[in-house]
Amino acid sequence: MSFDLQAIRAQFPILSRRIGGRPLRYLDNAATAQVPGFVLDALSRFETTSRANVLRGVHRLAEEATTAYAAARQAVARYLGVASGEIVFTSSTTGAINLVAYSFGALLQAGDEVVISELDHHSNIVPWQMLRDRRGIALKVLPVRDDGTLDLSRLDEIVTRKCRLIAVTHVSNVTGAVTDLVPLRAAAAAAGARILLDGAQRVPHGPVDVPALGVDFYAFSGHKMFAPHGIGVLWARKSLLEEMPPFLGGGEMIRTVTMERTTYAAPPHKFEAGTPPIAQAIGLGAAVEWLLKLDWSAISEHELRLAQRVLDGLPSRARVIGPTGLQQRMPVISFDIPGVHPHDICQLLDGDGVALRGGHHCAQPLMERFGLAGTTRASLALYSGEDDIDALLGGLDRAVRRLAP
Amino acid sequence: MSDLYQDALIAQAKAATRAGRLEAADATLTRDNPLCGDRVTLDIRMKESRIADLAHRVRGCLLCEAAASAIGANAVGKTSADIEAADQAVRALLENGQKGPDLWPALEAFAPVRDYASRHGCVLLPFETLRELLAHRGETKP
């Protein structure tokens, strides 16, 4: 296999858009990635030919909808190397983590500990604070090193025998750092704790061998991996899903209901109350089927080569908030330019057609850690090209000349 | 590049009129913009019903700095009612381009921000902080 950038880009209609007369240079993929035309076609095809609810009807449309929904679950399972019965569709990464915090959280007792980190997105912090307030558990926090990676040097002290769960990011949405799982697994094993990984920033960069990660929960969103908004995934071991109580109650998740009591469906349906986002799941399935066919060795090389260009070409006064090399990082690059605010940079580069993200990236504790209100972030995807990086670096130079004190 | 960053706006931000802290302030308030984490701290000293002096610290973008600087240059001597009127005037400028009689001349530089709805909050944060600060200290309209 090989990697044909132009063929990939041609799949994404939005990439031919112009912004103020200039080509769109989309470098905000860590927030939301773009959607290929065939995913849009899959959505449209379902809604125009097979739209029906799933799992209950026996007419032709219901049969087709149920089959397509199940196929999407199977495609996601192949992407992760797991059984499809362990894939729970949710609304998003946030939805998946809240599911675990509520449901797995119901198994915890006052005094139990959950370990989170300074590196994480608010979606992997706030649900645990809410659980702490609800159940009386204790939260402990893993710090971050100056290079934007998790500081695991005090794991023995932080992960104690009271720890029931370590919930951290697989790849930081700010620093791009990939979490070193080896010491985390050892600490969790010693404590008898589970591990939850927020995989939202990992899954757009190729299939994930989840069993090899040695974790217990894996959460991510569709919209960051070229699928529609409104669909997310929680993977957990079947035994764990069976042990956990349901999260939301309603249709689709039951076995029998009387006016006195309810028995629940087996996982994953136990955790999918109500009509699911069917078209969105089918769109995710289409995106994943495509991603499974690509040459990820070549794409990773391409993404990291571009990331290196960004790291090397940033204005001299820029400080990278994250690893400055390519070891253990994804092409998500945050930086601070002293005296120049991220929103001003982003606004000026928008005038060049360059889409960046500035701000706290839903990671305010991490910003606090670095003494910043926010950073500017360029996040790449498989369709990013040399022209995107040229526009970014040229625009940054002009912005700094215009705004620097 | 964006047409937002006109020379007048950049100059107003860099002037940073009354930036810093106020000795012997009557009241101080810090407010954050939850969308971006920007932060404004205002100190004021009142004489009867008018602002006798003020100072601001901004951890924010150029628009926020320029708005705070405009307040620094114009708010001394004003009453709560004057600040309320100026706040309404800058909102009208951002929402429909209207340049009313209560719009301080320094605020006209924000006219291009009208087309950037996501940035309106950057301009308004110092005004909201000042209004709340005045309300918080029990200031009444004359």
Side-chain angles (χ1 to χ4, degrees), chain A residues 19-22 25 28 31 121-122 126 174 321 334 336-377 391-405, chain B residues 1-17 19-20 29-42 56-70 72 94 109-126 128-129:
Chain A
I19 304 289
R22 295 164 187 260
R25 304 297 181 191
D28 193 20
H121 191 284
H122 295 163
V126 180
V174 176
I321 307 300
S334 281
D336 172 54
I337 300 178
V340 187
H341 192 279
H343 278 174
D344 295 325
I345 292 173
C346 294
Q347 194 80 62
L348 278 170
L349 267 77
D350 177 65
D352 293 337
V354 181
L356 297 174
R357 174 59 67 91
H360 55 60
H361 313 292
C362 298
Q364 286 184 314
L366 185 64
M367 296 298 118
E368 197 69 30
R369 157 68 176 82
F370 284 99
L372 299 169
T375 68
T376 305
R377 181 183 72 188
L392 167 67
L393 298 178
L396 284 175
D397 280 341
R398 286 191 292 280
V400 169
R401 280 203 300 273
R402 184 98 178 101
L403 298 175
Chain B
M1 290 209 137
S2 170
D3 61 354
L4 206 52
Y5 295 87
Q6 306 292 331
D7 290 343
L9 201 63
I10 295 174
Q12 191 159 293
K14 292 189 174 175
T17 306
L29 187 67
T30 297
R31 281 290 170 265
D32 291 350
N33 181 342
L35 296 178
C36 57
D38 284 357
R39 175 171 294 172
V40 170
T41 299
L42 278 178
H56 57 83
R57 282 187 305 164
V58 175
R59 187 188 73 179
C61 65
L62 190 133
L63 301 184
C64 194
E65 289 175 339
S69 184
L94 295 176
F110 292 106
V113 186
R114 181 187 174 192
D115 295 333
Y116 300 88
S118 62
R119 306 299 302 279
H120 290 187
C122 310
V123 179
L124 295 174
L125 182 63
E128 289 167 357
T129 308

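Chain letters run A, B, ... following the sequence lines, proteins first and then strands; every chain starts at 1.
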_Report which part of B:D7 has an atom under 4.5 Å of a heavy atom belonging to chain A: side chain, backbone, both, or neither._
both
*Heavy-atom distances under 4.5 Å only: say whether B:L62 touches chain A with side chain, backbone, both or neither.*
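Both backbone and side chain.
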Can you give me the closest heavy-atom contact between [X] and [Y], atom names plus distance?
X      : Y     : answer
A:R402 : B:K14 : O-NZ, 4.2 Å
A:H341 : B:G60 : CD2-C, 2.9 Å
B:D38  : B:C61 : OD2-N, 3.3 Å

*Is A:D344 salt-bridged to B:R119, going by a charged N under 4.0 Å from an acidic O?*
yes
_Can you tell me which portion of A:I345 sits under 4.5 Å from chain B's heavy atoms? Options are side chain, backbone, both or neither._
neither
